[in-house]
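Contents: one structure, followed by commentary.
A note on names: the letters A, B, ... follow the listed sequences, proteins ahead of strands, and every chain is numbered from 1.
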Amino acid sequence: MREYDFHSIEPKWQDLWEAEKAYRTEDASDKPKLYCLDYFPYPSGDGLHVGHCRNYIPTDVISRYYRMKGFNVLHPMGWDAFGLPAENEAIRLKKSPREITRRNTANFKRQLKLLGTSYDWEREINSSDPEYYRWTQWFFLLLYKRGLAYEKESEQWWCPHCKTVLANEQAKDGKCWRCGTAVEKKQLKQWFFKITDYADRLADDLDTVDWPERIKIMQRNWIGKSVGAEVVFEIVSASDSSRHPVTVFTTRLDTIMGATFLVLAPEHPLVQEIVSDGQRADVETYIANAKTKTEIDRMSTEKEKTGVFTGAYAINPFSGEKVPVWIADYVLMGYGTGAIMAVPAHDSRDFVFAKKYGLPIRQVITWPGVTYEESVWNDLYSEHGSLVNSGRFDDLTTEAAFAAMIAEGQEKGVAKAETNYHMRDWLISRQRYWGAPIPMIHCPTCGTVPVPESQLPVLLPDVEGYEPSGTGESPLAGIKDWVETTCPVCGGPARRETDTMDGFACSSWYELRYTSPHDDKVPFDRAKVDYWLPVDLYVGGAEHAVMHLLYSRFWTKVMYDAGLIGFTEPFARLMNQGMLLSYDGQKMSKSRHNVITPDEVVEQYGADTLRLYELFMAPFEQEVAWSKEGISGAHRFVKRLWELGQRSIDASHGELRPARIPGFELHINKLTKKITEDVEKFKFNTAVAAFMEYFNFLSGIVRADETVLSTVEWQSGMHQLLVLLAPFAPHMTEELWQEYGGVGSIHRQPWPAWDDSKLVESEVEVAVQINGKVRGTMVVASDSNDDELEKLALRQDFVVKYTAGHIVKRVVVIKGKIVNIVVQ
RNA sequence: GCCGGGAUGGCGGAACUGGCAGACGCACGGGACUUAAAAUCCCGCGGUGGGAACACUGUGUGGGUUCAAUUCCCACUCCCGGCACCA
């Protein structure tokens, strides 16, 4: 009997699998296909911790399982290698980001191998490789050609720590998504992708994918579709009586007769032109104040609303009424038109503002049975109803009034239907070195022109220094040789665009690249993409709900529109693994000194133990804390199993005799069914529990009679157990399989089927209840009918005892489960 | 504030479509082995009462439906996540 020496077993098989290219994926096959993909990992210098393994272990189980089931499985891995941490680390260590990245990816790969994963490493990709980012640039040009990439000067989120701008969804709660620093606003000329053009499709197509509802809702909220109208008011300047049209966005055009004032965002360009001399000082002070506020302060809904009167008045295009124009920072320049019509009677925010500054409140909507009270806000007041105090629109329902006003407004040219989105265009310029250069050239005569496809890639120059300037200009701007180029149109001197692309651009198409990772003619081979895509199973954390997952969907739709691919959603099924907290219940982090690495766990217990433990500890989607005792329990199980395997192998050498082991066939068939169903449903925790249960059943039998080991049934049961366990614990099962003299790798064995007829037990235990309380059980033939069950139950001693002196009113029989006797 | 998700022993969790709550693991207690400890193996383990048989009670709280509720319905409490002045 051999000791369980995982230190030698695991590396042995890992090396052999690698040498034999055991997990290489075929491109053409008659088998059904399965594309199982992990989120594109960013190879940080810290390496993997056991939390990351909660992603890679389950996808490995799935991949191994489907291979055994006869699927052609694509399970690749690569590196989202461009990005700030590598660049910052490089600056700190005075090395090149390329070198840092090489070191980090090598470490990640080593760690993934340590877990016994079955990636096809021949398909490894790296987004910072020119062979890859050449095509990222190619896609940039595709978007540009399709009018979906544009340059615009505007105020943008700026992270003073990362020294770069951020896209809207990357500035969460006024903080940088990466480093948590409070973001500022900076006026800069930047490149954008017009993701808003796809807002409706991005929202609608969510119905077609099998994703967690939570993620779909987050995306819908983020897109934030809002159907309403734009209305033009005319503001009469208080200083020179000039007239200035101002457009407001409203979802409640029907309430326009109740608009008692207008509010502009403090940054609204019209403010300067309309403000009265008397109010100018106050207005200037207010604007200056608003600027110094952090976005966190400004966005807080707790904060009291403030504002200042401009001295100017606007004319309501529907009533001709003159209403005062205010500025207030509760109106955001970035949403809608930066100006609103305030209807305090029917909007809680306008109500609060009107109360504070003594502005008039006029009810224009009524509801049957509701009395409007001007002094206090009631949430009902924002409900739909019918109109009053609205002249020719009186008595219409809100919906009818809306339609009538649109019609009238369109005729007069003062209003039109309009839809707004919370989502903004995707700002992709980054003022940092370590990214894919934006393939554009600025020519003094021809303007901004794209780099011709034939000149791709625009290589990131190798340079000494690339520290961010912090001025809003990329470090590439300082590299004269690189910046100075010739215009591809006129041949004259021109300058390269010096910003690089957001790393999320690189990860917006990578799932396609795995199908033909080394193709140097096209970004992907259409036939292969047609075969493999969409991704059948995409697995990663929930943190990318509105970033990567939205961007990627957007690019996919653009490619579809360009005729490059034949599908509109890249990821058919999405699963989010739960977070793994450290043993202290805290998030694992370097600063808390509670990081657990797979290296240390594998060293102490082996990869198979780590795998089983992570699969067992909690449901896949659920957050759970690491337990030092828990992992040793998993290790105990692995060792016991190893020992039983060894004893079985020893017993297999002699003559085998047939035997009838009660329940044996039932158990192995039950196990097979359970494991198969649980794996497909991602219920790995109960699958592992089922293995443990089966093991307990087996060891009970051996304890009672050791000679059972050398029976035909035992040996075939043991074989099947190993095959079922192979995706979970690939090393030990392979080792035992080989010791058994199994032919080929256990990982190429066909997945066992179960026999439904063997699942039927001849006898079952049925619980007997009196008035819903279990008073005992009885063992009956499983094919007993209701009548027999009822009679049998009534004959039980404990039933006689409880029913004595009572009248049996009713007997409920649930076959094979329960008999409930209702008395008196 | 709005939108999601959740609450089951000392702990992680299990329970098909309403049918014996607590599978499996951990921790803990007892025993075996050992000079001893660790490891290993065996037994026990929701709470209360009881020597035991057994009884009562128990899935966040309060109601309801049902022969039967962790599961369905109504009201509420707390926790976690996301969004947050979006007009």
Atom-pair distance (OH on Tyr613(A); C1' on C11(B)), nearest Å:
11 Å

Rounded to the nearest Å, what distance is computed from the CD atom of residue Glu643(A) to the P atom of nucleotide A39(B)?
15 Å

Given the P atoms of A27(B) and U40(B), what is the spacing between them in whole Å?
10 Å

How long is the line joining CG of Asn221(A) and P of G81(B), in whole Å?
17 Å

Residues in salt bridge (Lys or Arg N to Asp or Glu O under 4.0 Å) contact with Asp678(A), at least two apart in sequence or another chain:
Lys674(A)

Give the B/S/- string for nucleotides 15-26 of chain B, one per nucleotide from 5' to 3', where a protein heavy atom under 4.0 Å of the base yields B, of only the sugar-phosphate yields S, and otherwise -.
SB--BB--BBSS

Separation of Lys355(A) atom NZ from C85(B) atom C1', in whole Å?
20 Å

Taking G22(B) as the reference, what is the distance to U59(B) when you measure between their P atoms (whole Å, please)?
14 Å

Taking everything shown except Lys356(A) itself, do over 12 heavy atoms lie less than 6.0 Å from its NZ?
yes

According to side-chain hydrogen bond (donor to acceptor under 3.5 Å, both in side chains), who are the partners of Trp326(A), at least two apart in sequence or on a separate chain?
none

Quick one: side chain to side chain contact (heavy atoms under 4.5 Å, CB included) partners of Asp207(A), sequence neighbours excluded?
Arg220(A)

Quick one: side-chain hydrogen bond (donor to acceptor under 3.5 Å, both in side chains) partners of Glu621(A), sequence neighbours excluded?
none

List every contact pair, protein side and nucleotides 52-58 of chain B side both N or O, where the distance is under 3.5 Å.
residue	atom	partner	partner atom	Å
A55(B)	OP1	Arg775(A)	NH1	3.3
A55(B)	OP1	Tyr802(A)	OH	2.3
C56(B)	OP1	Arg775(A)	NH2	3.4
C56(B)	OP2	Arg775(A)	NH1	3.1
U57(B)	OP2	Lys773(A)	NZ	2.9

Taking the C1' atom in each of G4(B) and C67(B), what is the distance between them to the nearest angstrom?
37 Å

Let me know the distance between CD of Glu543(A) and C1' of G82(B), rounded to the nearest Å.
13 Å

Give a yes-or-no answer on whether the side chains of Asp350(A) and Tyr330(A) include a donor-acceptor pair shorter than 3.5 Å.
yes

Taken in chain and number order and not counting sequence neighbours, the residues that satisfy salt bridge (Lys or Arg N to Asp or Glu O under 4.0 Å) with Glu693(A) are none

Looking only at A87(B), C67(B), C3(B), the nucleotide nearest the Ile340(A) side chain is A87(B)

Applying side-chain hydrogen bond (donor to acceptor under 3.5 Å, both in side chains) to Asp786(A) and not counting sequence neighbours gives none

Given the P atoms of U34(B) and G25(B), what is the spacing between them in whole Å?
27 Å

With rounding to the closest Å, how many angstrom separate the C1' atoms on G12(B) and A87(B)?
47 Å

Considering only atom P, compute the distance from A23(B) to G18(B) and round it to an integer number of Å.
23 Å

Take atom C1' in C72(B) and the same atom in U66(B), then report the distance between them in whole Å.
10 Å

Contact class for Arg214(A) (heavy atom, under 4.0 Å): base, sugar-phosphate, or nothing?
sugar-phosphate

Quickly work out the Arg220(A) CZ to C3(B) P distance and round it to whole Å.
15 Å

Checking understanding here: a glycosidic angle within 90° of 0 is syn, the rest anti, so what is G10(B)?
anti

Would you write out the dot-bracket form of RNA chain B, 5' to 3', with Watson-Crick and G-U pairs under 3.5 Å, [ ] for crossing pairs, | for pairs to other strands and . for unpaired bases?
(((((((..(((......[....))).(((((.......))))).((((....))))..(((((..]....))))))))))))....

Side-chain N or O of Arg703(A) less than 4.0 angstrom from OP1 or OP2 on C42(B)?
yes

Counting only heavy atoms not in Glu706(A), do more than 12 sit closer than 6.0 Å to its CD atom?
no

Among all residues two or more places apart in sequence or in another chain, which pass the salt bridge (Lys or Arg N to Asp or Glu O under 4.0 Å) test with Asp200(A)?
Lys225(A)

Between A7(B) and A68(B), how far apart are the two C1' atoms, rounded to whole Å?
24 Å

Could you please name the option among G12(B), C83(B), A87(B) that lies closest to any side-chain atom of His422(A)?
C83(B)

Please check if the side chain of Lys305(A) supplies one atom and the backbone of Asp329(A) the other of a donor-acceptor pair under 3.5 Å.
no

For Asn771(A) and for Thr337(A), find the nucleotide of RNA chain B with the closest heavy atom, then tell me which residue's nucleotide is more 5'.
Asn771(A)

By side-chain hydrogen bond (donor to acceptor under 3.5 Å, both in side chains) - contacts of Asp425(A) (at least two apart)
Tyr150(A), Thr196(A)

Taking only residues at least two apart or on different chains, which pairs with a member in residues 614-634 of chain A satisfy ring-ring contact (aromatic ring centres under 6.0 Å, His included)?
Tyr613(A)-Trp626(A), Phe620(A)-Phe682(A)

Which whole-number value in Å describes the distance from Met617(A) CE to C11(B) C1'?
13 Å

d(CD, Glu213(A); P, G6(B)) in whole Å:
12 Å

Comparing nearest nucleotides in RNA chain B, the 5'-proximal residue of the pair Arg252(A), Val624(A) is Val624(A)

